[in-house]
Protein chains: 2
Amino acid sequence: MQLDAFDRTLLNLVQEDCSRTAEQLAERVALSPSAIQRRLRRLREEGVITRDIAVVDPRKAGRPTFFIVGLHVEREQPKLLAELRRWLAAEPHIQQAFYVTGEADFVLVITAPDTEAYDGLMARLVTENVNVKRFTTNVALGIIKRGLTIPIPERPDA
Amino acid sequence: MQLDAFDRTLLNLVQEDCSRTAEQLAERVALSPSAIQRRLRRLREEGVITRDIAVVDPRKAGRPTFFIVGLHVEREQPKLLAELRRWLAAEPHIQQAFYVTGEADFVLVITAPDTEAYDGLMARLVTENVNVKRFTTNVALGIIKRGLTIPIPERPDA
DNA sequence: AATGAAATATAGAATAT
DNA sequence: ATATTCTATATTTCATT
């Protein structure tokens, strides 16, 4: 699916705020509200926009602690890795998981109400996934920024 | 602000999908649609819900590369750290930034259209922030999970 | 004080020009 | 691409507990 300049600015706008009305978006996109609605519907149907979510302020919702975790596996066997991936994806407290090059094999961003909960989670992780060799924990002392926005250049260059 | 059981389930639901109508939410929250709307409005006013955003599929929007970066600073002086924080927060390609304990001082999640763009960004980072000593890069080979959801227990335990 | 139900207003979806 | 209608949702108001 090809994205034109209109699609790209729309994507940038709804990544900031998806509660904007088509009319409000029309003030910034040189398109009629109905054209904007059609495009947004198409972008969602095509899976360019995968979902619309509310972002909650952690300080006002239980003050969870954030942990950045580097995971090291025993073997790089595809089967074992796929299993681990599924496990990570299914765990609600794991916000994000990347399979990476470099020192660690996986990097995780985890939220837990407290350190004990985190310990419990990681204990389960290592016992239920024997392929996990070890992990290194970084506790977040401060959250500077937290988002999923992918900046989309107005003009395509790919 | 105190969150009761209704607020908590609502928060869990809108973190999954904020495009649900009050009527749909009412099927799962034993409240009338109007009560639900009032609560959601209050949660947004109070800043418990900070914003509503569309999540874009990176594979369908330019296939950017994700980088997980560990940042090491020269000095831990509050003034210098605050400056760096501001710089990180202002940079659109930096999706997330945490100030952490452990080996690195900051952990960043960065998206860039390609490796050159990443190089350019990091070059700017180190030249414009002399307090940055060095950094370690992990390239994401695969994204297993990507979200901002904070699981909120139905019963408060804090 | 907060809820539920009915009123109005607004935005979205579909159709036609 | 705009204009119009139709439908659904959100917003407001009010009575009730």
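The sequence lines fix the lettering, A, B, ..., with proteins before strands; numbering per chain opens at 1. Given the structure is predicted, the values throughout are model-derived calculations rather than measurements.
Regarding B:F6, its CZ atom lies at a distance of 11 Å from the C1' atom of C:dA2, rounded to whole Å. Here D:dT11 presents its C1' atom at 13 Å from CD of B:E45, a figure rounded to the nearest Å. Here C:dA2 presents its C1' atom at 10 Å from CG of B:L31, a figure rounded to the nearest Å. Spacing between atom CD of B:E23 and atom P of C:dG4 amounts to 14 Å, rounded to whole angstrom units. Here the P atom of nucleotide D:dA1 and the CD1 atom of A:I36 are 10 Å apart, to the nearest Å. Distance CZ (B:R20) to C1' (D:dA10): 18 Å, rounded to an integer number of Å. When the P atom of C:dG12 is taken as reference, atom CG of A:D52 falls 12 Å away, rounded to whole Å. B:D7 has its CG atom 14 Å from the C1' atom of C:dT3, to the nearest Å.
If you check every strand for non-hydrogen atoms under 4.0 Å, B:S34 touches a base. When heavy atoms are screened at a 4.0 angstrom cut-off, B:R42 is found touching no nucleic acid atom at all.
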| task | Kindly determine whether B:K145 and A:E91 satisfy salt bridge (Lys or Arg N to Asp or Glu O under 4.0 Å), including the steps that lead there. | result | CA-CA 10 Å; B:K145 193 177 196 175; A:E91 204 58 50; over 6 Å; no
| Does the pair A:D52 and B:R20 meet the rule for a salt bridge (Lys or Arg N to Asp or Glu O under 4.0 Å), with working shown? | CA-CA 9 Å; A:D52 294 85; B:R20 288 180 169 127; over 6 Å; no
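The side chain of B:R38 contributes no N or O atom lying less than 4.0 Å from OP1 or OP2 of D:dA10.
For B:R41 and B:E45, the salt-bridge test passes: some basic side-chain N is under 4.0 Å from an acidic carboxylate O.
Of the candidates C:dA5, D:dT2, D:dT11, D:dT11 carries the atom nearest the B:Q37 side chain, counting heavy atoms from C-beta on. Distances were taken from every side-chain heavy atom of B:S32 (C-beta onward) to each of D:dA10, C:dA11, C:dG4; the shortest belongs to C:dG4.
In this structure, CD1 on B:I150 lies 9.5 Å from CG on B:L11, to the nearest 0.5 angstrom.
Checking side-chain atoms of B:R75 against main-chain N and O of B:L80 turns up no donor-acceptor pair under 3.5 Å.
Positionally, the nearest nucleotide of DNA chain C for B:A35 lies more toward the 5' end than for the other of A:T21 and B:A35.
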